[in-house]
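Values in this document were obtained by computation on a predicted structure and should not be read as measured data. Just so you know, these numbers use all the heavy atoms, side chains as well, and skip hydrogens, waters and symmetry mates.
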Amino acid sequence: MTEIELKEHLYGLEEKLLQSDVRKSVVELEELLAHDFVEFGSSGRVFNKEITIDSLPNEETVGEMTITDFEIKLLAPHVVLTTFRLLKRDSMQYSLRSSIWKLTGEQWQMIFHQGTPTKAL
């Protein structure tokens with residue numbers, strides 16, 4: 001896979017995780033999140049895979065969100081950092097996001113995520 005193809009693929013996975021139907025699907029979340037997944041939430045709380053899968057399906061419906069300034073950086077073979085800006089359109093909340101993805105077999109899985117609130121550009 002070329003770097004451009006990898007960037008497009010990981011962008012698609014990040015977008016997928018923003019979709020309400022995916023966030024409510026335990027099966028989809030199990031596939032997308034690595035066993036050792038960790039998230040540093042904007043609230044300051046730390047979430048693991050179990051907590052995330054228990055809580056996301058019960059959250060209120062997520063409104064439209066837009067990803068901009070999406071970039072990737074290869075950290076090691078089969079390990080990639082993604083960074084981007086996210087806009088939650090209903091509340092006009094902006095955040096800086098970063099994720100680390102790991103290739104497990106033939107499946108890319110997120111092992112780390114952090115969202116940091118920020119002001120509009």
Side-chain angles (χ1 to χ4, degrees):
M1 184 179 291
T2 68
E3 185 174 341
I4 292 171
E5 291 170 329
L6 179 59
K7 184 176 179 179
E8 289 173 356
H9 182 70
L10 293 175
Y11 181 92
L13 293 178
E14 292 282 5
E15 274 194 323
K16 191 173 187 178
L17 279 167
L18 298 176
Q19 299 170 1
S20 291
D21 59 330
V22 172
R23 296 170 77 86
K24 293 186 181 308
S25 170
V26 172
V27 172
E28 295 259 20
L29 294 172
E30 283 283 353
E31 287 180 15
L32 290 167
L33 302 179
H35 175 71
D36 53 350
F37 171 78
V38 173
E39 176 178 353
F40 292 166
S42 58
S43 64
R45 293 182 53 205
V46 178
F47 303 92
N48 62 21
K49 182 175 184 174
E50 181 181 352
I51 292 168
T52 302
I53 289 177
D54 285 346
S55 62
L56 274 184
N58 301 315
E59 77 177 359
E60 292 182 30
T61 301
V62 177
E64 186 180 344
M65 293 187 262
T66 304
I67 293 174
T68 59
D69 301 328
F70 187 84
E71 296 295 335
I72 67 170
K73 181 174 184 172
L74 188 65
L75 300 178
H78 310 298
V79 180
V80 178
L81 170 69
T82 63
T83 58
F84 55 98
R85 294 180 185 275
L86 185 75
L87 169 61
K88 292 183 180 181
R89 292 203 172 273
D90 59 348
S91 60
M92 294 304 290
Q93 290 180 317
Y94 293 84
S95 58
L96 298 173
R97 302 286 177 121
S98 61
S99 304
I100 298 175
W101 292 84
K102 168 177 72 172
L103 185 62
T104 306
E106 295 184 21
Q107 172 74 35
W108 283 95
Q109 292 186 309
M110 184 183 285
I111 60 172
F112 176 80
H113 182 74
Q114 181 168 0
T116 304
T118 188
K119 297 188 187 306
L121 299 176

Looking at residues at least two apart in the chain, or sitting in another chain, which of them share a side-chain hydrogen bond (donor to acceptor under 3.5 Å, both in side chains) with [X]?
{"X": "S99", "answer": "E14, H113"}
{"X": "R45", "answer": "none"}
{"X": "S91", "answer": "Q93"}
{"X": "K102", "answer": "none"}

Got a sec, which pairs hit ring-ring contact (aromatic ring centres under 6.0 Å, His included) with one end in residues 29-56, sequence neighbours left out?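 For residues 29-56: F40-F112.
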
Once ring-ring contact (aromatic ring centres under 6.0 Å, His included) is applied, what residue pairs with a partner in residues 53-90 remain, sequence neighbours excluded?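 Only Y11-F70, F70-F84 qualify under ring-ring contact (aromatic ring centres under 6.0 Å, His included).
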
Could you state whether [X] and [Y] fall into the same hydrophobic cluster, counting links through intermediate Ile, Leu, Val, Met, Phe, Trp or Tyr residues with side-chain heavy atoms under 4.5 angstrom apart?
{"X": "W108", "Y": "L74", "value": "yes"}
{"X": "L96", "Y": "I100", "value": "no"}
{"X": "V80", "Y": "L75", "value": "no"}
{"X": "L6", "Y": "L13", "value": "yes"}
{"X": "I111", "Y": "L103", "value": "no"}

What distance do I67 atom CD1 and L86 atom CG have between them, rounded to the nearest 0.5 Å?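 That separation rounds to 6.5 Å.
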
Output the distance between atom OG (S20) and atom CE (M65), rounded to the nearest 0.5 Å.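 S20 OG to M65 CE: 7.0 Å, rounded to 0.5 Å.
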
Excluding sequence neighbours, so at least two apart, what forms salt bridge (charged side-chain N to carboxylate O under 4.0 Å, His left out) with E64?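 Result, salt bridge (charged side-chain N to carboxylate O under 4.0 Å, His left out) vs E64: R89.
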
Member of T68, D69, T66 meeting the side-chain hydrogen bond (donor to acceptor under 3.5 Å, both in side chains) criterion with R85: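 The single option meeting the side-chain hydrogen bond (donor to acceptor under 3.5 Å, both in side chains) with R85 is D69.
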
Tabulate below the donor-acceptor pairs under 3.5 Å that side-chain atoms of residues 24-34 make, not counting sequence neighbours, or state none.
residue: K24; atom: NZ; partner: E59; partner atom: O; Å: 2.9
residue: S25; atom: OG; partner: E28; partner atom: N; Å: 3.1
residue: E28; atom: OE1; partner: K16; partner atom: NZ; Å: 3.3
residue: E30; atom: OE1; partner: K49; partner atom: NZ; Å: 3.2

Who pairs with E5 by side-chain contact (heavy atoms from CB on, under 4.5 Å), at least two apart in sequence or on another chain?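 Once residues adjacent in sequence are excluded, the partners of E5 under the side-chain contact (heavy atoms from CB on, under 4.5 Å) criterion are M1, T2.
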
Going by side-chain contact (heavy atoms from CB on, under 4.5 Å), name the residues that satisfy it together with N48, two or more places apart in sequence or in a different chain.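 If we apply the side-chain contact (heavy atoms from CB on, under 4.5 Å) test to N48, skipping adjacent residues, the hits are E50, I51.
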
Side-chain donor/acceptor of R23 to backbone N/O of L17, under 3.5 Å: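 At least one qualifying donor-acceptor pair exists.
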
